[in-house]
Amino acid sequence: MFTPGSVRNSEPSPYTPPTGPSGSPTHPGAKATKRVRVFRWQGIIPLVLAGALTFAGWTLFGGRILRTTLSEAGTDAMGAQFDIAEARVAIMATTVELRGITLADPFDPNRNLFEIARLRLELEPRPLLEKKIVVRRLGITDVRTSTRRETPAQPSTGGGFAPRALAEVRRFAGQFNVPLLSLTPFDTFRAIALDPSQLHAVQATVALGHSADSVKSAIEAAYASLRLQETLDSSAALATRLQGTNVRTLGLDGARRAVTDLRTASARIDSAKRRVDALVADARRGIDTLQAGVGAIDAARREDYAFARGLLKLPTFDAPDIGAALFGKVTIDRFQQAVYWATLAREHAPPGLLPRESVGPQRRRRSGTTLHFARQESHPRFLLRRADVNVSIGGGGGAAAGEYAIAASDITTEPAIVGRPTLFAARRVGGGDVDSVRITGSIDHVSANAREVVNVNASGVRLPPLALPVLPYTMDPGRGTSELRFMLDGDRLAGRWSVRSGDLTWSTDSARARAMNSIETLVARALTGIRELDLVADVSGTIAAPRLAVRSNLDRQIAARLRAVIGEEVTAMQTKVRAEVDRVVEERSAPVRARIVELRAESDRRIADARSRLDAEKARLEERLRALSGGVSIPGIGGGTETLTRGAPS
């Protein structure tokens, strides 16, 4: 069989396959060998063009983008306007250079905390691949502090942490009760008209009255839950039912059932007595709490004395109050700034290894938040291992002008990973008009309990002038020594600010110049003769309940002068003020005190009555049990072991 175009097996085929260059035949299915190209120009050319455009774009706009990004991030982090005039990046050398850096004071928009002419960072390249920053070397030149701004800084807005921290710190400063120093002449004193609702003791009395009602209701509810009457009625019914019975009348089985019933009733009595004992403990705790509230009324009354005295504008003779009135505001300003920076440090370097939440990148939908999980074996997102910087603060820095050597170690955003606290120190090494300045401190956020410490010592420094709050005078301490110690351990704080000067001068404040009354003239004459200043201010307590104590040599001078001039008259007026406060407070607190006494007596009476009734019923049950035995020893409530025998007479 064959097909068209085929030939017989014995005949040669008219088709001959083509031969290759070597003379060997080639097969139709075989592909020709192609040379492999090393460069694919179709892909390289677009890649080169894209790289050139990226390089050109970065050259033209990279510095501007970086400067804008860093300015916004710094403003959000510091809570104040942060500006950068110029930003340069050397990609191959992994260095960043910033020029014209300014940070506004969060508490004064017309002043800069510092200005830095040039800042240079050398970064380690490997952590950059993980979007993390490790600084190898830091350089800073030409620094000025406390400079005036040409235009006021824009306030930090939005819902970021820094504005919230600033608001919290201002609330912290507002918690201090700074007394007012009044030097009003005696002939202007007027009668006092107290509003009871404004007195702390009256407010404490009202709250105590509500607490007394709550305790009374709780005691009554607990007494009702005892269900004593039901227990007593059930026991009485059993005793009545067994009245006149004995073993002979009930028989052995009936006597056993009666004994079981008596034991059950006795157990109910014992259970009721235990509930009464528990009620006694609860009632005593509640009433003891009320008694403590009575003590709080007396403590609040002392605050009301000062409040009422302030309504009359009476001058105080207490030196601590005078010191707080003179220097309280400037002292609070110092400490609230320390609290603010410590709070920011805790936000940007959170303690422990807990995950930290931050605002996620902006998207058209669902921007969300970003959670940063710190791993023990990893690079922190930012780490400055060691910084040794020599800073020159120009004459615009005022009293801080001079040459400084600054050292810092382990500045990081994840201190738990580094495992060491951040340490910093600075000292003046020359120049300026200061004998010595030394700053040391630490930021320990390694464990869950954060702790910040800072110590500042300056000697031979020109101290800033202070305006007296009640007199049109400004005192200039001149050159002296100043020391600030501050510690925030968890939420507990401790700090001391001291100023000493032997070159105190006084000058009239032209902006507040006015005619002074006779008392102000006498006090001013005494103060302007003082040539030394010794001021010590202490802050303690917690962030939520801080305490301030201020004392100085001026306090004693003013107190002595006031006592000498109008001591007797003011003492008599203070006595009247205290009597008026006592009268108002007693009118409100006496009924509450009486209710507490009555509540204690009623509670004791009802508990004693319950105990006596239960004891009487228990004795009645025991009597029924003895009567039931008919002289035969049987198991009793007290735990006897004898048993009835069938041989007992019927």
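This is a predicted model, so every value here is computed, not measured. Residues take their numbers from the sequence shown, with the count starting at 1.
Using a 4.5 Å heavy-atom cutoff, the side chains of Gln203 and Leu199 are not in contact. In this structure, Pro421 and Ile443 have side chains that are not in contact, with every pair of non-hydrogen atoms separated by 4.5 Å or more. Within the 4.5 Å cutoff, side-chain heavy atoms of His445 are placed close to those of Glu452. Residues Thr289 and Val215 are not in side-chain contact: their nearest non-hydrogen atoms beyond the backbone lie 4.5 Å or more apart. Arg593 is listed as a side-chain neighbour of Ile297, based on a closest heavy-atom distance under 4.5 Å. Annotation: side chain of Pro415 is not in contact with side chain of Thr422 (no heavy-atom distance under 4.5 Å). Taking 4.5 Å as the limit, some side-chain heavy atom of Val339 sits within range of a side-chain heavy atom of Phe486.
Interatomic distance, Arg514 CZ to Asp509 CG, rounded to the nearest 0.5 Å: 11.0 Å. One finds the OG1 atom of Thr205 at 11.0 Å from the NE2 atom of His210 (value rounded to the nearest 0.5 Å). Interatomic distance, CG of Asp582 versus OG of Ser589, reported as 9.5 Å (0.5 Å rounding). Atom CD in Glu602 sits 10.0 Å away from atom CD1 in Ile607 (nearest 0.5 Å). The structure places CG of Asp282 at 11.0 Å from CG of Asp277, a figure rounded to the nearest 0.5 Å. Here the straight-line distance linking atom CD1 of Ile530 with atom CG of Leu504 works out to 7.5 Å at 0.5 Å rounding.
In terms of heavy atoms, Trp497 sits closest to Leu484 at CB-CD1, 4.0 Å. Ile219 and Leu599 get closest at one heavy-atom pair: CD1-CD1, 4.3 Å. The minimum heavy-atom distance between Asp304 and Ala201, with the atom names listed, is OD2-N, 2.8 Å. The two residues Ala212 and Ile596 have their closest heavy-atom pair at CB-CG1, 4.4 Å. Across Leu488 and Ala342, no two heavy atoms sit closer than the pair CD2-CB, 3.9 Å. Smallest separation of non-hydrogen atoms from Met487 and Val453: CG-CG2, 3.7 Å.
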Identify all side-chain donor-acceptor contacts of residues 468-477 below 3.5 Å with residues at least two apart in sequence or on another chain.
{"unit_1": "Asp476", "atom_1": "OD1", "unit_2": "Gly478", "atom_2": "N", "d": "3.1"}
{"unit_1": "Asp476", "atom_1": "OD2", "unit_2": "Arg462", "atom_2": "NH2", "d": "3.1"}

Return a table of donor-acceptor pairs under 3.5 angstrom between the side chains of residues 533-548 and protein atoms on other chains or two or more places apart.
{"unit_1": "Asp538", "atom_1": "OD1", "unit_2": "Arg496", "atom_2": "NE", "d": "2.5"}
{"unit_1": "Asp538", "atom_1": "OD1", "unit_2": "Arg496", "atom_2": "NH2", "d": "3.2"}
{"unit_1": "Asp538", "atom_1": "OD2", "unit_2": "Arg496", "atom_2": "NH2", "d": "3.1"}
{"unit_1": "Asp538", "atom_1": "OD2", "unit_2": "Arg551", "atom_2": "NH1", "d": "3.3"}
{"unit_1": "Thr542", "atom_1": "OG1", "unit_2": "Ala545", "atom_2": "N", "d": "3.0"}

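For Arg275, there are no salt bridge (charged side-chain N to carboxylate O under 4.0 Å, His left out) partners two or more places apart in sequence or in a different chain. For Arg583, the salt bridge (charged side-chain N to carboxylate O under 4.0 Å, His left out) partners two or more places apart in sequence, or in a different chain, are Glu580, Glu587. Partners of Thr481 according to the side-chain contact (heavy atoms from CB on, under 4.5 Å) rule, which considers only residues two or more places apart in sequence or in another chain, are Ser459, Arg500.
For Arg578, the CZ atom sits in a loose shell: 12 or fewer heavy atoms of surrounding residues, nucleotides or ligands are nearer than 6.0 Å. Heavy-atom contacts from other residues, nucleotides or ligands closer than 6.0 Å to CZ of Arg284 number 12 or fewer. The neighbour count for Glu598 CD, taken as heavy atoms of other residues, nucleotides or ligands under 6.0 Å away, does not exceed 12. A 6.0 Å sphere centred on CZ of Arg531 holds more than 12 heavy atoms belonging to other residues, nucleotides or ligands.
Pairs passing the salt bridge (charged side-chain N to carboxylate O under 4.0 Å, His left out) check and including a residue from residues 198-221, sequence neighbours excluded, read Asp213-Arg595.
Formation of a donor-acceptor pair under 3.5 Å by the Ser211 side chain with backbone atoms of Ala207 is found in this model.
Between Arg301 and Asp298, at least one side-chain nitrogen of the basic residue sits less than 4.0 Å from a carboxylate oxygen of the acidic one, meeting the salt-bridge criterion. Between Arg485 and Glu483 there is a salt bridge, since a side-chain N of the basic residue sits under 4.0 Å from a carboxylate O of the acidic one. The pair Asp288-Arg600 meets the salt-bridge criterion, since a charged nitrogen lies less than 4.0 angstrom from a carboxylate oxygen.
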